[in-house]
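Down below is the structure, laid out as structure tokens.
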Amino acid sequence: MTRLLHIASSPRGADSASQQIAMTYLEAYRAAHPDHEIETWDLWDGTLPEFGPAAAAAKMTVFSGGVPEAESASAWRAAEATFRRLDGADRLLFSVPMWNAGVPYILKQLIDVVSQPGMVFGVDPDRGYSGLLAGRGKKATVIYTSAVWGPPLGPEFGRDFQSTFFEDWLRWTGIDDITTIRYHPTLTGDVDVARGRAHDDARVAGLAG
Ligand SMILES: Cc1cc2nc3c(=O)[nH]c(=O)nc-3n(C[C@H](O)[C@H](O)[C@H](O)COP(=O)(O)O)c2cc1C
């Protein structure tokens with residue numbers, strides 16, 4: 001069965017603009033794909049492991065061909081379980097508010113936990129990285145929101161390290177079928193018009209799946 005996983009990175013629950021847009025996407029997706037399984041993972045629900053000293057040590061051990069032991073072994077198992085949760089999905093929907101020009105740290109934490117050799121990437125000394133999620137029909141949709149910065153605005157309103165960083169990561173994993181939905185009302189824009197457009201885009205994207 002095709003599985004869609006919505007990964008929500010705003011902690012604002014029902015007040016979250018990015019999650020509201022995600023709900024519109026999911027409603028349309030569900031109508032178009034009634035046989036698909038849909039799950040939402042709120043990254044703030046406490047299930048995401050940390051990636052601290054034991055995990056970093058495990059990564060360096062695996063990278064150099066070794067096997068993590070003791071504390072590092074359990075940190076590595078937690079990373080593997082988290083990766084399996086991500087990798088079990090054929091369709092990924094990410095709702096991503098801008099935080100200080102980038103992404104919320106909880107989403108960076110997910111990236112740091114799952115971006116491991118043999119999971120998300122391989123590396124060859126001559127040819128460099130290869131994304132291990134490539135060629136498996138995976139598709140991603142990403143909802144980007146912000147309140148101050150917007151595409152027409154210059155650096156006095158901030159810069160977009162949110163979508164540049166996140167899309168680069170997705171492509172690095174090997175996922176290159178990416179649909180983007182944006183909601184950037186800015187401080188002087190028409191919030192209702194911007195919101196309406198974002199929800200319309202989400203509906204269209206959800207139906208297309
Ligand atoms: C911690 C934090 C940092 C933020 N940083 C920025 C920022 O750098 N630029 C910006 O335009 N908006 C910023 N915002 C506003 C949010 O990106 C914006 O309100 C977004 O739509 C929130 O999404 P959400 O409602 O799904 O949480 C920030 C909000 C928070 C809570």
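Both counts, for ligands and for their atoms, begin at 1 and track the order of listing.
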**OP:** Please work out which of the three classes, parallel, tilted or perpendicular, describes the rings of F121 and F63, given edges at 30° and 60°.
**Re:** tilted

Identify, by atom number and element, the atoms of ligand 1 in contact range of [X], meaning under 4.0 Å from any of its heavy atoms.
X    : answer
W149 : 10 (C), 11 (O)
V148 : 10 (C), 11 (O), 12 (N)
S146 : 10 (C), 11 (O), 17 (O), 18 (C), 21 (O)
R12  : 24 (P), 25 (O), 27 (O)

Subject >> R203, CZ: over 12 other non-hydrogen atoms inside 6.0 angstrom >> reply: yes

Could you name the option among [options] that has the heavy atom nearest to [atom]?
atom                    : options         : answer
atom 13 (C) of ligand 1 : Q19, M98, H184  : M98
atom 5 (N) of ligand 1  : L153, I21, N100 : N100
atom 24 (P) of ligand 1 : A198, A17, P104 : A17

Subject >> Protein contact of atom 21 (O) of ligand 1 - nearest heavy atom, named by residue and atom, plus distance >> reply: T145 OG1, 3.0 Å

Original post:
Between the side chains of W169 and S115, does any donor sit under 3.5 Å from an acceptor?
Top reply: yes

**OP:** Assess A101 for proximity to ligand 1: is some non-hydrogen atom of it under 4.0 Å away?
**Re:** yes

Original post:
Which atom names give the shortest non-hydrogen contact between F94 and L107, and what distance separates them?
Top reply: CD2-CD1, 4.4 Å

